[in-house]
S.K.: 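One structure is given below, represented as structure tokens, and several questions about it will come after.
Values below: every heavy atom of this structure, side chains too, minus hydrogens, waters and symmetry copies. Position 1 is the first residue of the sequence, and the numbers go up from there. Whatever order the structure lists them in is the order used to number ligands and atoms, beginning at 1. Keep in mind it's a predicted model, so treat the numbers as computed, not measured.
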Amino acid sequence: MKVTEHFAKAKGKTLLSFEVLPPLKGGSMQSIFNTLDVLMEFKPPFIDVTYHREEFIYKVRPSGYYEKSAIRKRPGTVGICAAIMHRFKVDAVPHLICGGFSVEETENALIDLNFLGINNVLALRGDARQFEEKFTPHKFGHKYALDLVRQVVDMNEGRYLDDDIVNGEKTDFCIGIAGYPEKHFEAPNFEIDLSFTKQKVDAGAHFIVTQMFFDNENYFRYVEACRAAGIELPIVPGLKPLTKRYQLTSIPRKFFVGMPKDLVDAVLKAKDDEAVRQIGIEWCIQQSKELKAAGVPCLHYYTMGDAATIREIAAAVS
Ligand code: FAD
């Protein structure tokens, strides 16, 4: 079932959904099952699985020279989605990214997903590789998520990259995109960023999932700005609890989001990491309850491998 159909079926009830990361290469699928075993009691209608581009790694050779090679450290998104659907009988939402993939590789991934009966995707650009200053598209790949949305829409209309394919099977993907309540870090300002989001919506996106935020006012303002710009799609808040003191700086550095003074003050006063975790959980529960009361379609939690913490929050909210 499509994500938007789940929202329609819920008739205004707030759903809970979760995002998981593929294990590092060499890891086991069991780690994903272990995470989801803990969270299935909350009846998520869908589970997101992130997608990861290749990274450059450097190995020192006996000669002392460094050898550079490219490796995808977390492959397997499509297979993981199929395994999740098979085992838990829930829908899976694979993320698809532009970075590192040619348009043909993307088309082939979409064909695999279609054949597996997976009809939701979250269409994203992806970030720059680690240690690279800015995002560089694949030589034959997309530059913006907008182009990826257009490619999925083309396939939904039976148009493939090869014009010789006539009467190609029409896929039926429900397309999600990313939204940034505190603006995307590269955008010169909030309004311009929103105008690019509107382009993705006009191109055929069906729902928006937001970057994490710690102040609900940012989400409410964002929704208001979207509605004023004519964006009427469901806007799913993405949430991540703060659990470690060092995240006071690592989260803003990595995700370009701010943290409210009350949260920061409480974390700074906490006596140890367990106390920080409790503060983060309580903060996330309060955020979730307020968002639920405001009637959001779904609370979407970034699990980041910490099922126990997300379980505590979901139990308090559901
Ligand atoms: P875009 O919509 O392409 O926007 C990127 C930047 O370009 C923005 O600054 C935008 O304002 C600007 N822009 C857009 N269109 C144009 C245009 N036509 N002309 C000029 N500028 C333009 N990353 C992963 O690698 N894997 C994941 O699984 C993943 N999952 C995510 C899930 C969510 C919910 C979110 C919020 C992010 C996720 N990311 C993931 C991170 C995401 O890929 C990055 O934030 C990335 O930097 C931007 O992606 P985007 O899809 O928003 O890009």
S.K.: Heavy atom of Phe135 under 4.0 Å from ligand 1?
M.R.: no

S.K.: At a non-hydrogen distance cut-off of under 4.0 Å, which region of Ile177 contacts ligand 1 (side chain, backbone, both, or neither)?
M.R.: neither

S.K.: What atoms of ligand 1 come within less than 4.0 Å of a heavy atom belonging to Val209?
M.R.: 34 (C)

S.K.: Consider only side-chain heavy atoms of I, L, V, M, F, W and Y, link residues closer than 4.5 Å, and tell whether Phe214 and Phe255 are in one cluster.
M.R.: yes

S.K.: For this output row, return yes or no: ring centroids of His300 and Tyr302 closer than 6.0 angstrom.
M.R.: yes

S.K.: Do you know which of Gln199, Lys198, Lys200 makes side-chain hydrogen bond (donor to acceptor under 3.5 Å, both in side chains) with Asp202?
M.R.: Lys198

S.K.: Scan Thr35, Ile47, Val38 and name whichever one has a side chain to side chain contact (heavy atoms under 4.5 Å, CB included) with Phe18.
M.R.: Ile47

S.K.: When you measure from the heavy atoms of Tyr302 to every atom of ligand 1, does any distance fall below 4.0 Å?
M.R.: yes

S.K.: Is the backbone N or O of Thr50 less than 3.5 Å from a side-chain atom of Thr77, with the two atoms forming a donor-acceptor pair by type?
M.R.: yes

S.K.: Looking at atom 30 (N) of ligand 1, what's its closest protein heavy atom, distance included?
M.R.: His95 ND1, 3.0 Å

S.K.: Which of parallel (below 30°), tilted (30 to 60°) and perpendicular (above 60°) describes Phe213 and Tyr219?
M.R.: parallel

S.K.: Counting from 1, what ligand 1 atoms have a heavy atom of Thr50 closer than 4.0 Å?
M.R.: 28 (O)

S.K.: Taking the six-membered ring of Phe101 as reference, does the cationic atom of Arg53 (NZ for Lys, CZ for Arg) lie under 6.0 Å from its centre and within 45° of its axis?
M.R.: no

S.K.: Any idea how Phe185 and Phe256 line up, ring-wise: parallel (<30°), tilted (30 to 60°), or perpendicular (>60°)?
M.R.: parallel

S.K.: At what distance is the nearest protein heavy atom to atom 3 (O) of ligand 1, and which residue and atom is it?
M.R.: Ala145 N, 2.9 Å

S.K.: Could any protein non-hydrogen atom be found less than 4.0 Å from atom 7 (O) of ligand 1?
M.R.: yes

S.K.: Please state which part of Arg125 comes within less than 4.0 Å of ligand 1, counting heavy atoms only: side chain, backbone, both or neither.
M.R.: both

S.K.: Determine, considering heavy atoms only, which of Gly176, Pro137, Ala178, Gly100 sits nearest to atom 36 (C) of ligand 1.
M.R.: Ala178

S.K.: Check whether NZ of the Lys or CZ of the Arg Arg87 lies under 6.0 Å from the centre of the six-membered ring of Phe33 and within 45 degrees of that ring's axis.
M.R.: yes

S.K.: Please determine if Asp193 has a nitrogen or oxygen closer than 3.5 Å to a nitrogen or oxygen of ligand 1.
M.R.: yes

S.K.: With a sphere of 6.0 Å drawn around CD of Glu104, does it hold more than 12 non-hydrogen atoms of other residues, nucleotides or ligands?
M.R.: no

S.K.: Just to be sure I'm reading this right: ignoring hydrogens, which of His142, Glu186, His300, Lys200 gets closest to atom 2 (O) of ligand 1? Compare them by their nearest heavy atoms.
M.R.: Lys200

S.K.: Quick one: does Tyr51 get an N or O within less than 3.5 Å of an N or O on ligand 1?
M.R.: yes

S.K.: Atom 9 (O) of ligand 1: which protein heavy atom is closest, and how many Å away?
M.R.: His184 ND1, 2.7 Å

S.K.: State the atoms of ligand 1, each with its element, that fall below the 4.0 Å cut-off from a heavy-atom position in Ala187.
M.R.: 9 (O), 11 (O)

S.K.: Residue-level breakdown please: for Tyr144 versus ligand 1, do any non-hydrogen atoms fall below 4.0 Å on the side chain, on the backbone, on both, or on neither?
M.R.: both

S.K.: Ignoring hydrogens and geometry, is there a side-chain-to-backbone donor-acceptor pair from Glu182 to Gly258 under 3.5 Å?
M.R.: yes

S.K.: May I ask you to establish whether Arg72 and Tyr51 are in a cation-pi arrangement, using a distance under 6.0 Å from NZ or CZ to the six-membered ring centre and at most 45° from the ring axis?
M.R.: yes

S.K.: Should Asp127 be counted as touching ligand 1, given the test is an N or O pair under 3.5 Å?
M.R.: yes

S.K.: Is the contact between Leu124 and ligand 1 made by the side chain, the backbone, both, or neither, using heavy atoms and a 4.0 Å cut-off?
M.R.: both

S.K.: Name the closest protein heavy atom to atom 12 (C) of ligand 1, giving the residue it belongs to and the distance to 0.1 Å.
M.R.: Phe196 CD1, 3.8 Å

S.K.: How many angstroms lie between CG in Leu16 and CG in Leu39, if you round to the nearest 0.5 Å?
M.R.: 9.5 Å

S.K.: Quick one: does Gln211 get within less than 4.0 Å of ligand 1, heavy atoms only?
M.R.: yes

S.K.: Starting from atom 23 (N) of ligand 1, locate the nearest protein heavy atom and write down its residue, its atom name and how far away it is, to 0.1 Å.
M.R.: Gly126 CA, 4.1 Å

S.K.: Among protein heavy atoms, which sits nearest to atom 49 (O) of ligand 1, and what does the distance come to when rounded to 0.1 Å?
M.R.: Tyr180 OH, 3.4 Å

